[in-house]
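Below is one structure; the comments refer to it alone.
Note on naming: letters A, B, ... go to the chains in the order of the sequence lines (proteins, then strands), and numbering restarts at 1 for each one.
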Amino acid sequence: MLLKARTLNLISRSHPQRALNVNHLSHYFALFTTTIAGNTKQSDSPDPDSSESPDIPSWVTNQNPESQPSEDDDFVIPSLASWVGNHPKVKPFASATEKPQTQLDIFTQILKKPYSSPEEVVDTLNRSSLSVPSVSVNRLWKRFHDCWISAYGFFIWAKEQTGYKHDPQSYSFMVDILGKGRKFDLMFDLLEEMNQLKGYINLYTIVKVMRRLARAGRFSEAIEVFRRVEEYGVEKDIMALNGLLDALVKGDSVEHAHEAFLEFKECMTLNSSSFNTLIHGFCKARKLDDARKILKEMKEYGCQPCVVSYTCFIEAYCREKDFEKVDSVLDEMKKKGCTPNAVTYTIIMHARGKSGTIRKALEVYEMMKNDGRLPDSSFCSSLIFILSKGGRLKDADEIFEDMEKQGIKPTVLTYNTMISLACEHSLEEKALKLLQRMEEDSCKPNVFTYKPLLRMCCRKKRMKVLNVLLSHMLNNDVSIDLSTYCVLVHGLCSCGKLEQAVAYFEEMVLKGMIPLDSLRKKLVETLEKENMTEAVEKIQRLMSNVTAK
DNA sequence: GTAGGGTTAG
């Protein structure tokens, strides 16, 4: 036994049903509860989509074929309490109450419709006799973050209204939305407009621009923005250079990052972030010799390699499943007096868990504990993930329940992990209850919260719940991005809901998003099999418009 | 926004 066997002292708590803040979800829980309370084995159970899903949901029978005991089931996981000790408990999270904002709703309704151009949005708004909403503009940017036509149309219209002026933050949002939509000419025009306004551009704006360019593979243009950064009134300092390096590395071109580094390193004093960003980039690109060269250069420059530098190497060796090398880096760190932290341990535990038995992963858990390092929410999320993947759902649930008691507040990552695992196992009620709990915890969901839920709804043909989730997304200002549309189109296609699949495909294209050809092919092929000729023609018309533009 | 999302949209 490698780990000290302790009694798993995690008390499962019952969670009394609390009133929901969002009516839609509440309505659906009522339906689910009725299903559980009634005899669910009867064919006339009041399932929300009963006509389409005659099978009893697995969460009712509580049987999960995928959660069979694994070979590591004899391992007892030490409780978080035995580690964290008497850490003060977090206060109960405030409830996510928000009154419906009428103005926001009105604008959302208008902007949600598909438009062919921002000018069309402006025309519609001009005919509406509406005035610019006073408080909810920032929420509109979030809601339409993936729809540059609506957002930009609203931006232009609002700017033309008497007495209204966009603040620098709105400009910054708009620049980012245009960058995300890859409308770089418009993005640069807006940046120039901000420049004329004086004081509207800051480093944050510039980094956003560089990130969007790098994400689109426009590396040279990103570097050019940095070259001209002073023309935008932003200081050409190490913060800006590090922003550029990070943008290029995140855009998957450590080569361009290195070029930029060589071009500008003489102009300013570098810091450890500059070197670490490059080390990370080379490690991610599996160019470990280059990463080592940078580490050497870092030392020669007078910057001491730190936990971040070493962790990049550890991550690279973890990716190669070379755990001997991981151990040798840990030894080197120890010799240098550089203690691994929660990030280092999370990476190793996660890789161990993914590559084989949970046993090795749990050794990392023990190692970290012996080092006196406290777990954080990311560490716990990782632990929950690997436990579930190893079939130990109950242990994963207990870690989740224990987090709050130990003062480790679950974050959106923790909830996303729990929700996606529940969805993978088709535990519908559990997944939705987690979303509800997230809301009660004032933990804002993001696009990754909804994707597995939407996928599950398609798989189970729960069209009503799917629509509830889509409104829930909107209420939480999470816009449907390209990949989420793909989940919808794919999912609906696979479950035979072809009309809905076509509708979402159309919506996506009309919003200016360009789907991968594989998605179009899958949809068209499925439609052809069903002889839906008109729909096929519609798809082809839509796509020819896209290529024509 | 210097390192840790299972995140593949498939």
Original post:
Can you tell me how far C1' of B:dT8 sits from CG of A:D481, to the nearest Å?
Top reply: 13 Å

Original post:
Under 3.5 Å, is there a donor-acceptor pair between the A:T414 and A:T417 side chains?
Top reply: no

Original post:
Atom CG of A:L374 and atom C1' of B:dG4: how far apart are they, to the nearest Å?
Top reply: 17 Å

Subject >> Length of the line joining A:L295:CG and B:dA3:P, which is rounded to integer Å >> reply: 17 Å

Subject >> Non-neighbouring partners of A:E263 that pass salt bridge (Lys or Arg N to Asp or Glu O under 4.0 Å), sequence neighbours left out >> reply: A:R227

**OP:** Output yes when at least one side-chain N/O atom of A:R455 is less than 4.0 Å from OP1 or OP2 of B:dT8, else no.
**Re:** no

**OP:** For A:Y204, answer base if it contacts any base atom (sugar-phosphate contacts may also be present), sugar-phosphate if it contacts only those atoms, and nothing otherwise; contact means non-hydrogen atoms under 4.0 Å.
**Re:** base

Subject >> Sequence-distant partners of A:K299, salt bridge (Lys or Arg N to Asp or Glu O under 4.0 Å), two or more places apart >> reply: none

**OP:** Using whole Å, report how far CD1 of A:I294 lies from C1' of B:dA3.
**Re:** 16 Å

**OP:** Mind checking A:A342 for me? I need base, sugar-phosphate or nothing, with any heavy atom below 4.0 Å counting as a touch.
**Re:** base

Original post:
If you look at every strand shown and take non-hydrogen atoms under 4.0 Å, does A:I348 touch a base, only sugar-phosphate, or nothing?
Top reply: nothing

Subject >> Modelled atom types, side-chain donor and acceptor of A:D167 and A:S170, under 3.5 Å >> reply: yes

Original post:
When we call it a touch if two heavy atoms are under 4.0 Å apart, what does A:I347 touch: a base, just sugar-phosphate, or nothing?
Top reply: sugar-phosphate

Original post:
Rounded to whole angstrom units, what separation is found between the NZ atom of A:K522 and the P atom of B:dT8?
Top reply: 18 Å

Original post:
Could you give all pairs that pass the salt bridge (Lys or Arg N to Asp or Glu O under 4.0 Å) test and reach residues 230-242 of chain A, with sequence neighbours left out?
Top reply: A:R228-A:E231

Original post:
Among the nucleotides B:dA3, B:dG5, B:dG10, which one has an atom lying closest to any side-chain atom of A:L413?
Top reply: B:dG5

Subject >> Those residues that, when tested against A:Y317, pass ring-ring contact (aromatic ring centres under 6.0 Å, His included) (two or more places apart) >> reply: none

Which atom pairs, one a donor and one an acceptor, fall under 3.5 Å between side chains of residues 482-494 of chain A and the rest of the protein, sequence neighbours left out?
from   : atom 1 : to     : atom 2 : distance (Å)
A:S483 : OG     : A:K451 : NZ     : 2.6
A:S483 : OG     : A:D481 : OD1    : 3.2
A:S483 : OG     : A:D481 : OD2    : 3.3
A:T484 : OG1    : A:D481 : OD1    : 2.5
A:Y485 : OH     : A:E507 : OE2    : 2.6
A:Y485 : OH     : A:K511 : NZ     : 2.9
A:S494 : OG     : A:H490 : O      : 3.0
A:S494 : OG     : A:K522 : NZ     : 3.0

Subject >> Any A:F282 side-chain heavy atom under 4.5 Å of A:L288 side chain >> reply: no

Subject >> Proximal nucleotide (of B:dT7, B:dG4, B:dA9) relative to the A:K451 side chain >> reply: B:dA9

**OP:** Classify the nucleic acid contact of A:S483 as base, sugar-phosphate or nothing, counting any heavy atom under 4.0 Å across all strands shown.
**Re:** sugar-phosphate

Original post:
Among pairs that include at least one residue of residues 238-261 of chain A, which meet salt bridge (Lys or Arg N to Asp or Glu O under 4.0 Å), considering only residues two or more places apart or in two chains?
Top reply: A:R211-A:D246, A:D246-A:K250, A:D252-A:K284, A:E255-A:K287

Original post:
Mind checking what makes side chain to side chain donor-acceptor pair (under 3.5 Å) contact with A:E499, not counting sequence neighbours?
Top reply: none

**OP:** Could you check which of B:dA9, B:dT2, B:dT7 has an atom nearest any side-chain atom of A:N416?
**Re:** B:dT7

**OP:** Side-chain contact test, heavy atoms from C-beta onward, threshold under 4.5 Å: evaluate it for A:M333 versus A:I314 and give yes or no.
**Re:** yes

Original post:
Hey, does A:N341 reach any base, or is it just sugar-phosphate, or nothing, if we go heavy atoms under 4.0 Å?
Top reply: base

Original post:
Partners of A:K296 by salt bridge (Lys or Arg N to Asp or Glu O under 4.0 Å), sequence neighbours excluded?
Top reply: A:E300

Subject >> Interatomic distance where CG belongs to A:L244 and C1' belongs to B:dT2 [whole Å] >> reply: 14 Å

**OP:** Would you classify A:S381 as touching base, sugar-phosphate or nothing, given that sugar-phosphate means primed atoms plus P, OP1 and OP2, and contacts are heavy atoms under 4.0 Å?
**Re:** base

Subject >> Close residues, residues 262-292 of chain A, relative to DNA chain B [heavy-atom separation under 4.0 Å] >> reply: A:S273, A:N276, A:T277, A:H280

**OP:** Measure the distance from CE on A:M298 to P on B:dA3 and round it to the nearest whole Å.
**Re:** 13 Å

Original post:
Of all residues at least two apart in sequence or in a different chain, which pass the salt bridge (Lys or Arg N to Asp or Glu O under 4.0 Å) check with A:D289?
Top reply: A:R292

Subject >> For atom CD1 of A:I514 and atom P of B:dA9, their distance in whole Å >> reply: 18 Å

Original post:
Where along residues 248-259 of chain A does a heavy atom come under 4.0 Å from DNA chain B, residue by residue in number order?
Top reply: A:K250

Original post:
By a strict heavy-atom criterion of less than 4.0 Å, which residues belonging to residues 308-340 of chain A are in contact with DNA chain B?
Top reply: A:V308, A:T311, A:E315

